[in-house]
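Structure first, then comments.
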Amino acid sequence: MANATSQFLRTANAAIQSSTPAGPSEADVLSQLASGKAADITSLANLMGAPPNIIEAIVGKLMSDRFLDSTADGFKLSEIGARAARYLKLTEF
Amino acid sequence: MSLEIRVYIGIWLAAAVLTAGVYFCFKTAFQRRSTYGIVVYVAAALVQLCLALHAFAFGGGTTAVVAAHYGFAIWIGLAVGAMEMVSRYQDDPFAPLVSAPGLFYVTINGAASALAYYLTGPLNVTVAEPLKTFVAGFGAMAFFRSGLFTARIGKTEIPAGPNLVLQVFLRALDRAYDRERSVPRAKFVRPIMRGLSFDAIKAALPSLCFNLMQNVSADEIAGVNAQVVDLAKAEMSNEAKCLSLGLTLINIVGEKTLHSAIVALGGDIRSYVALSRETVMAFATIDPALAEKTLPDVCAQLAQTNHVRAIDGDQNLEPPDFKASVPALPLESRALLMLYKLVAFYGEPSIKVAIRILSQAPPDAGDAPNPAPAAPVAAPPPSSPSP
């Protein structure tokens, strides 16, 4: 299990590293999720104009860091994720 | 040693003790050391005046006259040396006069003049004694500032002669005095330039400072403007740029003018340092109540280690109260305000380490009366960038 998680994180990290600099950040994805306009990878990718595999990698990282909870349909903001989204909104300048 | 000589030495010592006493009694009144420097030299001039009056106006005798002439010759040397000092350090011109290196240099000049006057004694020159004091005083100064020939060392040409003696002392003085002045300069500039936005002050602050002054030369203004352009292009933090500009301006306009200009410009020149998204997201992983209770303590503990220090650098510095004192605000807003204060005090990299440490603590760690030692820093996940 630990090996699988580690492998998943390595893949996610490699995908993020290989993304273009203009690609969305974890905070961008969180902000979009907090706006309620998208709740799955496909709609997020469409909304943010980024390849689905990149969004998938970022979502995977956010889930591993407890920012997202998995649901039957996909994922939703966890308590920590919701707090992060509120903080990001408060510190937006 | 005759009684009169002893009396004169006593008068000088009494004047020195009196001046020092005045300084320590009214220390707070002397906001700058330059004020004290002026007082010391005015007091010394008054003593010399009393000696001269005693010798010439009230018939003090042969020894009194000789002492007064020596005093005049010494004063010429002291004045020339002091003028040289005053012209060298623009930010606080009279301060070198009471620094140890400055006093040493001025004393060398006074001693050279006294020696020159002593050497003219055996000469069978039929000139008035006051003229001899002038010739000895200024002659010694000219002698020690003259070059007999020009030596070429590498690509530079250096006038060599008796001037080399004073130049060696001057260079040593420059270094010693610069080191002595660097600490108070940094202590003054840091608090008043902290929190300013370089983009907002780069044009307004020099311009206002120069307008407040009346005798800043065009060359000095051009020099500062050139430095502002260089700083704007430099890859430095906003804080480092502001500090550099502050130190540059102090050299020309002094501390009071710089302070007045910043006060006059008000809040328009204050900067807002945004927290990085990475820090905000890391902070969100901690319960805000726990963060409010324990994060300042974790940061304080970290500041005592070798690799993380408070920005102010003083280990004995008492940390301020970081908790946001606005009870009406929601808990998360108060926690964020506290985070801003902590970042301003300890720096963002240190806060990231503290957050990482705190994120390993159990949720009720802040309520424990005797908390267990902090858990070791967890290794960052493979995808986390290093702080």
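Reminder, nothing fancy here: chain letters follow the sequence lines and each chain counts from 1.
Proximity to chain B is limited to the side chain of A:Ser25, based on heavy atoms less than 4.5 angstrom apart. With a 4.5 Å cut-off on non-hydrogen atoms, B:Phe283 touches chain A through its backbone and its side chain both.
For the pair A:Asp65/B:Thr285, no side-chain contact is recorded, criterion being any heavy-atom separation below 4.5 Å from C-beta on. No side-chain heavy atom of B:Ser333 sits less than 4.5 Å from a side-chain heavy atom of A:Tyr87. Proximity of B:Met281 to A:Leu62: side-chain heavy atoms (C-beta onward) are separated by under 4.5 Å at one or more points.
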For this session: Start with the C-alpha gap between A:Asp28 and B:Arg277, add the side-chain angles, then the distance that decides, and say whether side-chain contact (heavy atoms from CB on, under 4.5 Å) holds.
Result: CA-CA 9 Å; A:Asp28 293 333; B:Arg277 291 187 155 207; 2.7 Å; yes

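The backbone N or O of B:Ile286 sits less than 3.5 Å from a side-chain atom of A:Arg83, completing a donor-acceptor pair.
Atom-to-atom distance recorded for B:Leu275:CG and A:Leu90:CG is 11.0 Å, nearest 0.5 angstrom.
In terms of heavy-atom pairs under 4.5 Å with chain B, the best-connected choice from A:Arg66, A:Arg86, A:Glu79 is A:Arg86.
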